[in-house]
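In what follows, a structure is listed as structure tokens, so that the remarks can point back to it.
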Amino acid sequence: MDKLYLQLNVCTDIIAKGVTCHTAKIAWLNEFCAAFHTFASQFKSYLPELAPKNELEGNIRIHVETIYLCFTQVITCITQLERTINIEGTLEAGAQLLVTRTHFLDRIDWCLRRLQASVYQLAEEAIASTPVKLEDLSFVELLDLALDKLETYSEIVPAQPQAEEEDSGEKDQLVDQVNHLIKHALAFANVALESDKKALTAIYETVLEESGIFEKNFKTHNPNERKLEALSLQRALYSLETYLNEALLHLIFTSMFDTEKASIKRLRNVLETCESSRTVDRLVSDFDINVDRIQQIGIFAIAFTQDVKTKTIIRSCLASLESLDSCIVPAFQLQTTSSASYHADILEHHFREELMVFRNVIHEIIDSRALINNYLDILAESIDNAEKLYPEGYLLQVAQMGNVIFQHFQLRANNQELIADEEGKRLHQDFIAILHECQAVLEISVHVDLKRIVKRLKILYSILAKLRDVCDKLVYERAISKNEKSMTTSTKLRQHSFANPEIGHTIPNCNRTDCSNSLSHESDLISFQLTEILRIT
């Protein structure tokens with residue numbers, strides 16, 4: 001273990017040189033990469049001893065995932081530092097991007113300090129494990145704990161006086177689990193769509209009411225009465241999970257659409273041209289809201305994902321976006337020099353990269369049928385109410401939301417089976433054609449008869465419904481070929497899948513390069529071999 005701490009100190013010293021020496025070049029960065037690669041390799045050799053694969057539970061799992069996050073963030077910041085140094089090489093002699101360097105060096109320094117703390121805590125946990133705090137558990141983990149506990153009350157057993165004190169303690173644990181679960185749900189509700197907030201609030205109140213009744217009557221009720229109240233609370237929790245999944249899907253659709261509508265490029269253009277303060281304030285507010293929504297989507301994506309590498313990718317994207325959120329708007333506003341303009345360029349490029357990776361990972365893990373069903377609901381509502389007085393451009397927005405489905409099936413992990421099926425391939429091509437036609441007819445300035453627009457939307461609905469049916473067929477055939485066992489309601493065997501809790505969805509083993517689709521880091525620094533270390537061995 002001492003070797004790990006010593007090597008981390010070497011890495012920290014090199015970064016400190018980069019902070020104090022503004023002329024540090026690529027040789028300095030390569031020196032850090034070599035030192036960090038040595039640390040990562042040493043850590044990998046210690047990992048089986050500190051955290052055996054079959055014991056990645058509780059605090060040990062939390063520390064390992066934190067270490068993986070720090071690895072990924074350091075690699076990300078190295079990439080951006082290399083880009084910064086290369087741009088500095090094109091500037092006038094002596095010109096430096098000091099603010100840009102500081103941004104990424106500070107992030108690396110934080111990661112190194114967090115790595116030191118996590119390695120120490122991991123070693124301590126290997127000696128004497130401590131209970132995981134409820135606040136460290138995700139929504140899904142808390143839900144599983146609560147449902148597991150409620151199932152024990154669903155079986156009527158004779159009361160045993162000697163176990164009364166133990167039962168009371170377990171009851172208190174259950175109530176605490178429900179309360180922490182609601183905290184997660186409330187954080188999501190703060191950024192949910194207005195149409196979902198009211199329903200979510202009502203469900204939260206029902207859960208808390210049922211939990212309160214269960215706690216209040218626990219000692220006075222007999223096993224039969226206790227079972228009924230446990231079942232009522234159980235139903236309320238299942239309702240919460242079901243509706244939250246649906247609301248999460250709504251938010252994904254809206255957030256991904258808003259990412260295109262209120263893009264980082266448009267935000268920069270508005271800030272550069274110094275438009276009215278009202279326009280700027282509105283766009284900055286929309287941007288901040290969308291970043292908050294992305295954070296909540298990411299938190300629940302992590303909770304629903306079992307694959308550690310996928311969790312790490314999402315966490316890294318969220319960490320990058322969070323670090324950029326506080327500095328990217330000021331960077332766009334203060335482009336008074338060439339250095340400031342390059343600084344804004346690098347931050348914008350970094351933001352776009354991380355957002356693309358995040359979007360593609362979400363598309364990788366989300367259930368295709370759930371996504372299609374959600375858009376079909378949007379289409380059906382717009383078709384039924386097309387003649388009502390919608391806000392200007394509403395139907396165009398509905399058609400443009402179809403781009404989310406288009407992007408979903410652009411990923412190989414989502415279209416591989418579909419295009420291998422003859423009917424699926426034809427329907428996919430038909431969907432793209434009619435989607436573009438709907439968007440084109442709504443974008444033209446010439447007035448088009450509403451009936452013609454509605455007719456195209458109905459065709460889009462019909463094709464997409466058939467495409468969903470093909471997806472259902474492919475999932476069924478895959479289940480038969482793999483002889484998959486039917487799902488069970490036992491929470492110990494429950495499989496959570498993103499936006500579709502009733503269907504076990506396989507998480508593809510995607511890495512950062514695969515998920516970024518066409519992204520290329522364009523670097524041969526040895527640090528990028530660290531991606532291998534992110535694999536649990």
Side-chain angles (χ1 to χ4, degrees), residues 132-157 167-193 196-219 221 223-252 296-297 299-306 367 370 486-505:
V132 180
K133 297 178 182 178
L134 290 180
E135 52 264 32
D136 291 332
L137 298 179
S138 69
F139 174 86
V140 171
E141 291 167 331
L142 289 165
L143 183 65
D144 281 342
L145 285 176
L147 291 174
D148 276 340
K149 181 57 61 180
L150 285 171
E151 281 197 353
T152 65
Y153 296 114
S154 298
E155 299 177 3
I156 301 176
V157 294
D167 287 343
S168 181
E170 291 182 351
K171 174 263 297 179
D172 292 338
Q173 289 179 3
L174 172 63
V175 172
D176 286 343
Q177 290 162 5
V178 171
N179 289 338
H180 278 83
L181 189 147
I182 291 296
K183 288 180 182 178
H184 281 275
L186 286 172
F188 172 80
N190 287 335
V191 298
L193 304 183
D196 289 323
K197 282 184 179 180
K198 186 175 180 180
L200 284 170
T201 301
I203 295 174
Y204 299 160
E205 291 174 352
T206 300
V207 170
L208 290 174
E209 182 181 355
E210 294 292 347
S211 177
I213 293 172
F214 182 82
E215 180 182 21
K216 180 181 178 181
N217 300 329
F218 188 83
K219 290 184 178 180
H221 277 181
N224 279 300
E225 294 168 325
R226 192 176 295 171
K227 174 185 176 181
L228 290 175
E229 290 185 349
L231 288 172
S232 295
L233 179 54
Q234 194 176 46
R235 281 194 296 269
L237 289 175
Y238 275 121
S239 296
L240 173 61
E241 182 189 26
T242 300
Y243 197 89
L244 194 143
N245 268 272
E246 191 67 21
L248 182 60
L249 198 57
H250 296 159
L251 194 63
I252 289 170
Q296 281 299 314
I297 290 169
I299 288 170
F300 277 88
I302 291 167
F304 282 111
T305 303
Q306 300 300 316
D367 185 84
S486 59
M487 292 294 293
T488 174
T489 56
S490 171
T491 54
K492 292 184 180 179
L493 298 176
R494 294 170 76 237
Q495 297 183 43
H496 297 281
S497 66
F498 202 17
N500 193 350
E502 297 178 353
I503 302 172
H505 185 66

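The basis for the numbers below is simple: all heavy atoms, side chains too, and nothing from hydrogens, waters or symmetry mates.
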Exercise: identify the closest heavy-atom pair between [X] and [Y]:
{"X": "L200", "Y": "A192", "value": "CD1-CB, 4.1 Å"}
{"X": "A236", "Y": "V207", "value": "O-CG2, 3.6 Å"}
{"X": "H184", "Y": "L137", "value": "NE2-O, 3.0 Å"}
{"X": "Q296", "Y": "V191", "value": "CG-CG2, 3.5 Å"}
{"X": "E229", "Y": "I213", "value": "OE2-CG2, 3.5 Å"}
{"X": "L181", "Y": "L237", "value": "CD2-CD2, 4.4 Å"}

Legend entry - F214 six-ring centre to R226 NZ/CZ under 6.0 Å and within 45° of normal: no
Legend entry - Y204 side chain to A185 backbone, donor-acceptor under 3.5 Å: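 Judged by distance alone, yes, a pair lies under 3.5 Å.
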Inset, instruction - For the pair S239 (side chain) and R235 (backbone), establish whether a donor and an acceptor sit closer than 3.5 Å, ignoring hydrogens and angles. - result: yes
Taking atom [atom1] of [X] and atom [atom2] of [Y], what is their separation to the nearest 0.5 Å?
{"X": "E246", "Y": "T242", "atom1": "CD", "atom2": "OG1", "answer": "9.5 Å"}
{"X": "D172", "Y": "Q177", "atom1": "CG", "atom2": "CD", "answer": "11.0 Å"}
{"X": "H221", "Y": "K216", "atom1": "NE2", "atom2": "NZ", "answer": "9.5 Å"}
{"X": "K197", "Y": "F188", "atom1": "NZ", "atom2": "CZ", "answer": "10.5 Å"}
{"X": "S211", "Y": "I182", "atom1": "OG", "atom2": "CD1", "answer": "8.5 Å"}
{"X": "D196", "Y": "L249", "atom1": "CG", "atom2": "CG", "answer": "10.0 Å"}

Any side-chain heavy atom of [X] within less than 4.5 Å of one from [Y]?
{"X": "E151", "Y": "Q234", "result": "yes"}
{"X": "L208", "Y": "N179", "result": "yes"}
{"X": "I252", "Y": "F300", "result": "no"}
{"X": "Y238", "Y": "L147", "result": "yes"}

Inset, instruction - Dump the intermediate steps for side-chain contact (heavy atoms from CB on, under 4.5 Å) on F304 and N245, then the final yes or no. - result: CA-CA 10 Å; F304 282 111; N245 268 272; 3.6 Å; yes
